[in-house]
Amino acid sequence: MKNHAFTLIELLVVVLIIGILAAIALPQYQKSVMRTRYASLKSLARSIANAEEVYYLANDKYSVDFDELDVDMPGNTIDCDFSTEDEAEIEAGRKKYRCYDWGKCYISNGDKYSEVNCSNSLIKMGYKIRFIHSVANPGKQLCVAYGSADANSLGAQVCKAETVRTTPSNTNAGENPYTSYWY
C-alpha cells in the first residue's frame, strides 16, 4: 500500500510561496484602495468647487453655506471639533464645515483666495482646490497625506502618482504630521 500524503517540506514550500505572493500583493491592494477612495474624495471636492463657481457667476461672490449650493453630500453628518483658528474663521463667516462619518469638507472664502477642502479620515488623505475666481493661485490643487511626514508613506505615494510630482511641496513632522503636494 502506497502513501499519497504530502511531506512536511512540500507543505512548508507551498506556505512560503503563498506568503511571498501575499507580501507582494497586499501593499498594491492597499494602494489601489487608497487611490479609489482618494478619487471619490477629489470628485466630491470638484463637485463642490463647480457648484461654487456656478454660485459665483449668479451672485458675483462665493458662498460659505453648503445649503446654497446645488451639490449632494454623501454620508451621515456628525458634530465637528475645531481648532481655535477654525472657530475664529467660522465666527467671521469665512469658513463653513460639514463633518461626516467618513471625514469632513469645508468652504473657505478669504481675502486673497477661496477654496474647498475635503479630507477622508479613513484613508488619512485630503484634497484642496482653489476656486477659479480667486485672486491668489486660481485653480490650484493640493493632495495631502496626513499622519506622516515621510514622503515614502502610502498616502504620499498616492499623492505622488496623482500629482506626478517627485518631491513634496510641504511636510510637517510636528504634532499633526503631513506631506502635501501642490499641482
Side-chain angles (χ1 to χ4, degrees), residues 30-148 153-159 161-163 169-170 172 176-183:
Q30 290 172 328
K31 191 173 180 181
S32 295
V33 168
M34 283 187 80
R35 286 187 80 165
T36 302
R37 289 184 178 168
Y38 180 76
S40 65
L41 182 70
K42 186 175 174 180
S43 175
L44 174 62
R46 284 190 172 172
S47 295
I48 297 168
N50 289 339
E52 277 282 15
E53 292 298 343
V54 169
Y55 186 90
Y56 181 90
L57 291 174
N59 300 293
D60 203 30
K61 66 177 183 170
Y62 288 109
S63 170
V64 288
D65 190 354
F66 286 97
D67 294 331
E68 293 177 339
L69 302 176
D70 187 23
V71 64
D72 292 327
M73 302 293 286
N76 301 319
T77 57
I78 59 173
D79 291 333
C80 294
D81 293 325
F82 304 110
S83 67
T84 307
E85 179 184 317
D86 285 335
E87 287 178 359
E89 292 288 313
I90 292 167
E91 288 293 321
R94 290 190 298 266
K95 193 179 270 189
K96 183 81 173 198
Y97 275 89
R98 281 270 174 96
C99 294
Y100 298 93
D101 47 9
W102 51 264
K104 62 185 170 185
C105 289
Y106 72 78
I107 309 169
S108 176
N109 291 319
D111 295 332
K112 294 185 179 181
Y113 58 85
S114 298
E115 63 191 13
V116 63
N117 183 334
C118 289
S119 59
N120 186 321
S121 57
L122 302 174
I123 60 170
K124 296 184 179 176
M125 291 190 72
Y127 175 75
K128 180 185 291 190
I129 185 168
R130 298 256 166 97
F131 299 141
I132 295 170
H133 293 97
S134 291
V135 176
N137 304 315
K140 198 123 171 138
Q141 302 167 59
L142 178 73
C143 178
V144 183
Y146 298 109
S148 175
S153 69
L154 190 57
Q157 289 178 25
V158 171
C159 283
E162 187 69 28
T163 64
S169 306
N170 266 335
N172 178 15
N176 297 314
Y178 66 86
T179 306
S180 63
Y181 296 81
W182 279 106
Y183 64 109

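Along the sequence shown, residues carry numbers from 1.
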Exercise. If you take all heavy atoms of T163 and Y183, which pair is closest and at what distance?
Worked result: CG2-CD2, 2.9 Å

Exercise. Which distance, rounded to the nearest 0.5 Å, do you find between the SG of C105 and the CG of L41?
Worked result: 6.5 Å

Exercise. Between F131 and Y62, does the ring centroid distance fall short of 6.0 Å?
Worked result: yes

Exercise. Just by distance, do the side chain of N137 and the backbone of R130 share a donor-acceptor pair under 3.5 Å?
Worked result: no

For this session: Check the surroundings of atom CG in N59: do more than 12 heavy atoms from other residues, nucleotides or ligands lie under 6.0 Å from it?
Result: yes

Exercise. Which atom names give the shortest non-hydrogen contact between M34 and I123, and what distance separates them?
Worked result: CE-O, 3.3 Å

Seminar exercise, completed: Taken in chain and number order and not counting sequence neighbours, the residues that satisfy side-chain contact (heavy atoms from CB on, under 4.5 Å) with S119 are K104, Y146

Exercise. Taking S43 for the side chain and A39 for the main chain, is one N or O donor matched with an acceptor at less than 3.5 Å?
Worked result: no

For this session: Please say whether more than 12 non-hydrogen atoms of neighbouring residues, nucleotides or ligands are located less than 6.0 Å from CZ in F66.
Result: yes

Seminar exercise, completed: Closest non-hydrogen atoms of W182 and Q141, given as atom of the first, atom of the second and distance, are CE3-O, 3.0 Å

Exercise. Regarding Y106 and N117, is there a side-chain donor-to-acceptor distance under 3.5 Å anywhere?
Worked result: yes

Exercise. Rounded to the nearest 0.5 Å, what separation is found between the OH atom of Y181 and the SG atom of C159?
Worked result: 7.0 Å

Exercise. Of all heavy-atom pairs between A145 and A156, which one has the smallest distance, and what is that distance?
Worked result: CB-N, 3.5 Å

Exercise. Is there a side-chain contact between M125 and N120, using heavy atoms and a 4.5 Å cut-off?
Worked result: no

Exercise. Just wondering, do P177 and N172 contact through their side chains at under 4.5 Å, heavy atoms?
Worked result: no

Problem set entry | Gap separating the OH atom of Y56 from the NE2 atom of H133, nearest 0.5 angstrom | 5.0 Å

With a cut-off of 3.5 Å and sequence neighbours excluded, list every side-chain donor-acceptor pair involving residues 90-101.
unit_1	atom_1	unit_2	atom_2	d
R94	NE	E89	OE1	3.3
R94	NH2	E89	OE2	3.2
K95	NZ	D86	OD1	2.9
Y97	OH	D86	OD1	3.3
Y97	OH	D86	OD2	2.9
R98	NH2	D67	OD1	2.5
D101	OD2	N76	ND2	3.4

For this session: With the side chain counted from C-beta on, respond yes when K31 and V158 share a heavy-atom pair under 4.5 Å apart, and no when they do not.
Result: yes

Exercise. Can you name the residues that form a side-chain contact (heavy atoms from CB on, under 4.5 Å) with E87, not counting sequence neighbours?
Worked result: F82

Exercise. Under a 4.5 Å cut-off applied to non-hydrogen side-chain atoms, are C118 and I48 in contact?
Worked result: yes

For this session: Take Y55 and D70 through the test side chain to side chain contact (heavy atoms under 4.5 Å, CB included) and record every step on the way to the result.
Result: CA-CA 9 Å; Y55 186 90; D70 187 23; over 6 Å; no

Problem set entry | Heavy-atom side-chain proximity of L44 to Y127 below 4.5 angstrom | no

Exercise. If you look only at pairs with a residue in residues 40-75, which of them pass as a disulfide bond (SG atoms under 2.5 Å apart), with sequence neighbours excluded?
Worked result: none

Problem set entry | Option among V71, D65, D72 that satisfies the side-chain contact (heavy atoms from CB on, under 4.5 Å) test with L69 | V71

For this session: State, yes or no, whether a side-chain contact exists between K140 and I129 at a heavy-atom distance under 4.5 Å.
Result: no

For this session: Identify the two heavy atoms, one from A49 and one from V116, that lie closest to each other, and give their separation to 0.1 Å.
Result: CB-CG1, 3.9 Å

Exercise. Is there any salt bridge (charged side-chain N to carboxylate O under 4.0 Å, His left out) pair reaching into residues 41-64, and which pairs are they, with sequence neighbours excluded?
Worked result: K42-E162

Exercise. Can you name the residues that form a salt bridge (charged side-chain N to carboxylate O under 4.0 Å, His left out) with K124, not counting sequence neighbours?
Worked result: none

